[in-house]
Asker: 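Here it is: the structure, laid out below.
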Amino acid sequence: MSENNLWRYLQKNLKDSKTMLMRIENPFYKGVPDVNFLIDGTEGWLELKYIPQYPKKEITQVKVPHFTLEQKIWHNNRFKNKGRTMILIQVDSDYFIFKKEKINLLGSLNKFRMFQHANKSWKNRINFKELRKELCA
């Protein structure tokens, strides 16, 4: 798997007549998330992150490579202004959604705490009905 495969997984499973997903590549502003979505009239932004495996020690923090200061600032500014912004992160075969102020926890949580603090999590595969609900809530 990779971030690109995660994107394809979303596209394949969220695709319907009431859903629009657009991959965003913005070389001028590095904080903009990977995906803009419109689902049943609800618009938002989704950053995708992929980490191939958890650290060997259970107590070790799960670092999120390439989660930049610009991205953190972008999410915080949107959250403060009532924007819909979140991060979907895959670690090994687990998936997590982090929203709002919980985004700031990323990079400081071990595996157990990721499950505790995520807004939603799934093992082995995403339940896309639940994901839609999370994206639109």
Asker: Got a list of side-chain donor-acceptor pairs under 3.5 Å for residues 109-117, not counting sequence neighbours?
Answerer:
unit_1, atom_1, unit_2, atom_2, d
Asn110, OD1, Phe112, N, 3.2
Asn110, OD1, Arg113, N, 2.8

Asker: Starting at CG of Leu21, measure out to CH2 of Trp7 and round the result to the nearest 0.5 Å.
Answerer: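 The CG atom of Leu21 sits 5.0 Å away from the CH2 atom of Trp7.
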Asker: Is any side-chain heavy atom of Leu48 closer than 4.5 Å to one of Val35?
Answerer: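 When only atoms from C-beta onward are counted, Leu48 and Val35 do touch, with a gap below 4.5 Å.
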Asker: Looking at every heavy atom in both Gly107 and Val64, which two are closest together, and how far apart are they?
Answerer: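 Heavy atoms only, the tightest pair is N-CG2, 3.9 Å.
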Asker: Roughly how far, to the nearest 0.5 Å, is CD of Glu134 from OG of Ser121?
Answerer: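 Separation between the atoms: 10.0 Å.
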Asker: Linking I/L/V/M/F/W/Y whenever their side-chain heavy atoms sit closer than 4.5 Å, directly or via other members, would Trp122 and Leu14 fall into one cluster?
Answerer: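 Yes; Leu14 is reachable from Trp122 via cluster members.
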Asker: Roughly how far, to the nearest 0.5 Å, is CG of Asn104 from NZ of Lys72?
Answerer: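 One gets 7.5 Å once the value is rounded to the nearest 0.5 Å.
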Asker: Name all pairs fulfilling the ring pair (Phe, Tyr, Trp, His ring centres under 6.0 Å) condition that reach into residues 43-65, sequence neighbours left out, sorted by first residue then second.
Answerer: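 Those involving residues 43-65 are Trp45-Trp74.
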Asker: How about Lys100: does its NZ atom have over 12 heavy atoms from other parts shown lying under 6.0 Å from it?
Answerer: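 It does not: Lys100 NZ has 12 such atoms or fewer within range.
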Asker: So does Lys18 get a backbone contact from the side chain of Asp16, meaning a donor-acceptor N/O pair under 3.5 Å?
Answerer: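 Between the backbone of Lys18 and the side chain of Asp16 there is a qualifying donor-acceptor contact (under 3.5 Å).
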Asker: Can you tell me how far CD of Glu3 sits from NE2 of His66, rounded to the nearest 0.5 angstrom?
Answerer: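 Rounded to the nearest 0.5 Å, the NE2-CD separation comes out at 9.0 Å.
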Asker: May I ask you to test the Pro33-Ile24 pair for a side-chain heavy-atom distance under 4.5 Å?
Answerer: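 The answer is no; the side chains never approach within 4.5 Å.
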Asker: Between Phe79 and Ile103, is the side chain to side chain contact (heavy atoms under 4.5 Å, CB included) condition met? List the steps.
Answerer: CA-CA 10 Å; Phe79 164 63; Ile103 288 172; over 6 Å; no
Asker: Linking I/L/V/M/F/W/Y whenever their side-chain heavy atoms sit closer than 4.5 Å, directly or via other members, would Phe96 and Leu105 fall into one cluster?
Answerer: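 Same hydrophobic cluster.
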Asker: Strictly distance-based, threshold 3.5 Å: is any side-chain N or O of Asn13 a donor or acceptor partner for the main-chain N or O of Phe128?
Answerer: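 Not at all, since once roles are kept as given, no pair shorter than 3.5 Å links the two residues.
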Asker: Check Gln53 against Lys56 and note the closest heavy-atom contact, atom names and distance.
Answerer: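 Looking at all heavy atoms of both residues, the shortest contact is NE2-NZ, 4.4 Å.
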Asker: Please round to the nearest 0.5 Å and tell me the distance separating atom CD1 of Ile73 and atom CD of Glu70.
Answerer: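 Reported value, rounded in 0.5 Å steps: 6.5 Å.
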Asker: For the atom pair CZ (Arg23) and CG (Leu46), what is the distance rounded to the nearest 0.5 Å?
Answerer: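 It is 10.0 Å, given to the nearest 0.5 Å.
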Asker: Tell me which donor-acceptor pairs under 3.5 Å the side chains of residues 84-93 have, and how far apart each pair is, sequence neighbours excluded?
Answerer:
unit_1, atom_1, unit_2, atom_2, d
Arg84, NE, Glu43, O, 3.4
Arg84, NH1, Cys136, O, 3.2
Arg84, NH1, Ala137, O, 2.7
Thr85, OG1, His75, ND1, 2.4
Gln90, NE2, Asp92, O, 2.9
Gln90, NE2, Tyr95, OH, 3.4
Ser93, OG, Asn124, OD1, 3.3

Asker: Going only through I, L, V, M, F, W and Y residues with side-chain contacts under 4.5 Å, is there a path from Ile59 to Val62?
Answerer: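 No.
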Asker: Is it the case that one hydrophobic cluster holds both Phe67 and Ile97, taking links as side-chain heavy atoms less than 4.5 Å apart, direct or via other members?
Answerer: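 No, it is not one cluster - the side chains of Phe67 and Ile97 are not joined through contacts under 4.5 Å.
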Asker: Which heavy-atom pair separates Gly44 from Asn36 by the least distance, and what is that distance?
Answerer: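 It is O-ND2, 3.3 Å.
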